[in-house]
Amino acid sequence: MRQTETIDLWAYENAAFADGYQSVCGIDEAGRGPLAGPVCAAAVILPPDCRIEGLNDSKKLTDKRRRELYDVIVENAVAYGIAFASHQEIDEINILQATFLAMRRAAEQLGVKPELALVDGNRDPQLGIPTRTIVKGDGLSASIAAASILAKVTRDRWMEELDEKFPQYGFAVHKGYGTKRHYAALTEFGPCEEHRMTFLKKFYEKA
């Protein structure tokens, strides 16, 4: 079963190679939904012969496994880039445009310019290179799965550091998502400077 999954995970990359593209990057984000903190995107170019044991959509992996795979991906990648769009940018230009901004920043960090980008989702982030969007691509493409792991682990680490500055919210536990504990802290302490105020409008309207 695992062998079949591995072959499937490279189907989009192999199709791109068959079309004549030699350098293909996968792009994904983490943190579109949380009430606080930045959105993080990663771009990854894997070697065509690269097979990483256990590579999968970051949401299907344990935190421990994600962090282990992070190091393996960084070690094996031809190139990778990781970038943020801040909570201020999310409030200013909306979460979709901020996500695209983070994706463009991540792609610009690549030391090797890709000929094609495989992007998770169904919207083109306008990277300036040929792009193929793949719905649920983080579970279908090796490159996108790798990007999803780099983005998720990086953002989690960011939120854990933020927790040291604002321990009352529990950022290290929920990573800024709208959990019961998080909403309780917002009710008690109000928002901090890292919260996305556009995400909290309905919450405060109800209050």
Side-chain angles (χ1 to χ4, degrees), residues 27-44 56-71 73-74 80-109 119-123 125 136-139 144-207:
I27 298 180
D28 199 7
E29 53 69 34
R32 283 185 65 166
L35 309 176
V39 61
C40 182
V44 181
N56 203 336
D57 171 5
S58 66
K59 295 185 289 296
K60 296 176 182 176
L61 301 169
T62 64
D63 180 65
K64 180 175 182 289
R65 188 65 179 131
R66 277 196 300 266
R67 292 174 195 247
E68 291 169 352
L69 284 169
Y70 179 100
D71 294 334
I73 292 163
V74 167
Y80 69 93
I82 305 171
F84 292 103
S86 69
H87 66 282
Q88 294 104 323
E89 289 170 324
I90 292 168
D91 282 341
E92 287 168 11
I93 62 177
N94 78 47
I95 184 59
L96 179 64
Q97 295 306 318
T99 298
F100 290 167
L101 179 60
M103 287 180 170
R104 289 193 291 271
R105 287 171 174 167
E108 287 166 4
Q109 287 186 17
V119 179
D120 184 55
N122 62 357
R123 305 285 287 272
K136 297 184 178 178
D138 44 8
I144 297 177
S148 78
I149 290 167
L150 295 196
K152 173 66 175 164
V153 171
T154 299
R155 189 182 182 280
D156 282 357
R157 287 171 174 166
W158 178 282
M159 296 306 293
E160 285 157 11
E161 289 182 16
L162 209 58
D163 184 75
E164 295 178 13
K165 188 176 180 182
F166 303 102
Q168 66 269 40
Y169 297 101
F171 289 145
V173 177
H174 53 63
K175 307 301 188 289
Y177 283 88
T179 64
K180 186 176 180 180
R181 173 180 176 180
H182 193 177
Y183 281 119
L186 282 166
T187 300
E188 183 175 356
F189 302 107
C192 73
E193 63 194 53
E194 295 291 333
H195 278 97
R196 307 172 183 179
M197 295 312 297
T198 52
F199 280 48
L200 294 174
K201 280 183 180 177
K202 288 183 180 179
F203 174 70
Y204 282 111
E205 282 171 5
K206 289 176 184 176

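Heavy atoms only: backbone and side chains are in, while hydrogens, waters and symmetry mates are out. Worth saying up front: this structure is predicted, and the values here are computed from it rather than measured.
Between the side chain of Arg196 and the main chain of Asp91, no donor-acceptor pair closer than 3.5 Å is present. Of the possible polar contacts, one joining the Arg66 side chain to the Leu61 backbone as a donor-acceptor pair under 3.5 Å is found. Remark: the backbone N or O of Phe84 is paired with a side-chain donor or acceptor of Arg105 at under 3.5 angstrom. Side chain of Ser148 to main chain of Asp28: no donor-acceptor pair is present (N/O by atom type, distance under 3.5 Å, no hydrogens or angles). No side-chain donor-acceptor contact under 3.5 Å links Glu188 to the backbone of Ala185. Listed for the Asp57 side chain is no donor-acceptor partner under 3.5 Å among the backbone atoms of Asp138. Checked by atom type and distance alone, the side chain of Lys202 never pairs as donor or acceptor with a backbone atom of Phe199 at under 3.5 Å.
The residues Glu29 and Arg123 are annotated as not salt-bridged, no charged nitrogen and carboxylate oxygen being separated by less than 4.0 angstrom. Under 4.0 Å is where a charged nitrogen must lie from a carboxylate oxygen, and between Lys152 and Asp156 at least one such pair does.
Under the side chain to side chain contact (heavy atoms under 4.5 Å, CB included) criterion, Glu164 pairs with no residue at all, not counting sequence neighbours. The side chain to side chain contact (heavy atoms under 4.5 Å, CB included) search around Glu161 returns none, not counting sequence neighbours. Residues forming a salt bridge (charged side-chain N to carboxylate O under 4.0 Å, His left out) with Glu68 (at least two apart in sequence, or on another chain): Lys64, Arg65.
Side chains of Lys175 and Pro34 form no contact here, defined as non-hydrogen atoms less than 4.5 Å apart. Counting heavy atoms from C-beta on, the side chains of Leu150 and Tyr70 come closer than 4.5 Å. Annotation: side chain of Leu35 is in contact with side chain of Leu186 (closest heavy-atom distance under 4.5 Å). Here the side chains of Ile27 and Pro125 are not in contact, with every heavy-atom distance at 4.5 Å or above.
Minimum heavy-atom separation, His87 to His195: CD2-O, 3.6 Å. Of all heavy-atom pairs spanning Pro191 and Tyr204, the tightest one is CD-OH, 3.0 Å. A pairwise comparison of heavy atoms in Ala106 and Ala41 identifies CB-O, 3.6 Å as the closest pair. For the pair Ala151 and Ala42, the tightest heavy-atom approach, listed with the atom from each and the gap, is N-CB, 3.8 Å.
By the 30° and 60° cut-offs, the orientation of the rings of His182 relative to Tyr169 is perpendicular. Under the 30°/60° scheme for interplanar angles, the aromatic rings of Phe171 and Phe166 are found to stand perpendicular.
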| task | Would you check, one step at a time, whether the test side-chain contact (heavy atoms from CB on, under 4.5 Å) holds for Val39 with Ile90? | result | CA-CA 8 Å; Val39 61; Ile90 292 168; 4.3 Å; yes
| query | Could you walk me through whether Ile149 and Val44 pass the side-chain contact (heavy atoms from CB on, under 4.5 Å) check? | reply | CA-CA 10 Å; Ile149 290 167; Val44 181; over 6 Å; no
| message | As a quick check of understanding, evaluate side-chain contact (heavy atoms from CB on, under 4.5 Å) for Glu92 and Thr198, giving each step before the final call. | response | CA-CA 9 Å; Glu92 287 168 11; Thr198 52; over 6 Å; no
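Expressed to the nearest 0.5 Å, how far CG of Leu101 lies from CD1 of Ile95 amounts to 10.5 Å. Taken from CE in Met159 to CG in Leu162, the straight-line distance is 5.0 Å, to the nearest 0.5 Å. If you take OG1 on Thr62 and CZ on Arg67, they are separated by 10.0 Å, rounding to the nearest 0.5 Å. Arg155 contributes atom CZ, which lies 14.0 Å from atom CD1 of Ile82 (distance to the nearest 0.5 angstrom).
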